[in-house]
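We use all heavy atoms of the structure for the numbers below, so side chains are in, but hydrogens, waters and symmetry mates are not. The residues of the chain are indexed from 1 along the displayed sequence.
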Amino acid sequence: MSLSSSQRRGAWQVPARLHVLAIMGSIELDLREASLAPGLTEISVINVMGSVGLTLPAGIAVTCDGIGILGQFDSLVHRTDRSAGQAPRLHIGGVAVMAQTSAR
């Protein structure tokens, strides 16, 4: 999505591999009511001079290893409310160039 904004919320099925591209725009993904497949779901973010925000549900295992270049790529959620064997796993990676990418 470039030079505009987009959002996804409510009930939806998240694919096992989701690619997110924001160029001078903003994207908001709300996963609180979304269905995650069992096992690992990977979200790959390319963010250039934009903003990407991910709202995550409780009870999932999250790893975040994105890179910020003159920008920020951060995750405020690193916990699970269920035992590790039962929790869906989510990996967020990618790059933010002069941009803000956050998971909360």
Got a second to check how far Arg89's CZ is from Leu40's CG, nearest 0.5 Å? 5.0 Å

Hey, mind stepping through Val95 and Ile46 against side-chain contact (heavy atoms from CB on, under 4.5 Å) and telling me if it holds? CA-CA 5 Å; Val95 64; Ile46 305 294; 3.8 Å; yes

What distance separates Leu56 CG from Arg32 CZ, expressed to the nearest 0.5 Å? 9.5 Å

Residue pairs passing the salt bridge (Lys or Arg N to Asp or Glu O under 4.0 Å) test with at least one member in residues 43-61, sequence neighbours excluded, are none

Determine whether Thr55 and Arg104 make a side-chain contact, defined as any pair of heavy atoms from C-beta on separated by less than 4.5 Å. yes

For Trp12 and Leu18, the nearest pair of non-hydrogen atoms, with its separation, is CH2-CD2, 4.2 Å

Specify the closest pair of heavy atoms between Gly10 and Glu33, including all atoms of both residues, with the distance to one decimal. O-CB, 3.4 Å

Under the side-chain hydrogen bond (donor to acceptor under 3.5 Å, both in side chains) test, residues paired with His91 that sit two or more places apart: Asp65

Can you tell me how far CG of Leu21 sits from CD1 of Ile23, rounded to the nearest 0.5 angstrom? 4.0 Å

Which residues share a side-chain hydrogen bond (donor to acceptor under 3.5 Å, both in side chains) with Gln13, sequence neighbours left out: none

Measure the shortest side-chain to side-chain distance between Thr41 and Leu31 over non-hydrogen atoms and say whether it is less than 4.5 angstrom. no

Can you tell which of Leu54, Val14, Ile60 makes a side chain to side chain contact (heavy atoms under 4.5 Å, CB included) with Leu90? Ile60

Are there over 12 heavy-atom neighbours, none belonging to Ile69, within less than 6.0 Å of that residue's CD1? yes

Distance check, rounded to the nearest 0.5 Å: Leu36 atom CG versus Ile43 atom CD1? 7.5 Å

Sequence neighbours left out, what passes side-chain hydrogen bond (donor to acceptor under 3.5 Å, both in side chains) with Arg8? Give chain and number order. none

Counterpart residues, side-chain contact (heavy atoms from CB on, under 4.5 Å), relative to Ala96 (two or more places apart): Asn47, Phe73, Ala99, Thr101

What salt bridge (Lys or Arg N to Asp or Glu O under 4.0 Å) pairs are there with at least one residue in residues 35-45, not counting sequence neighbours? Arg17-Glu42

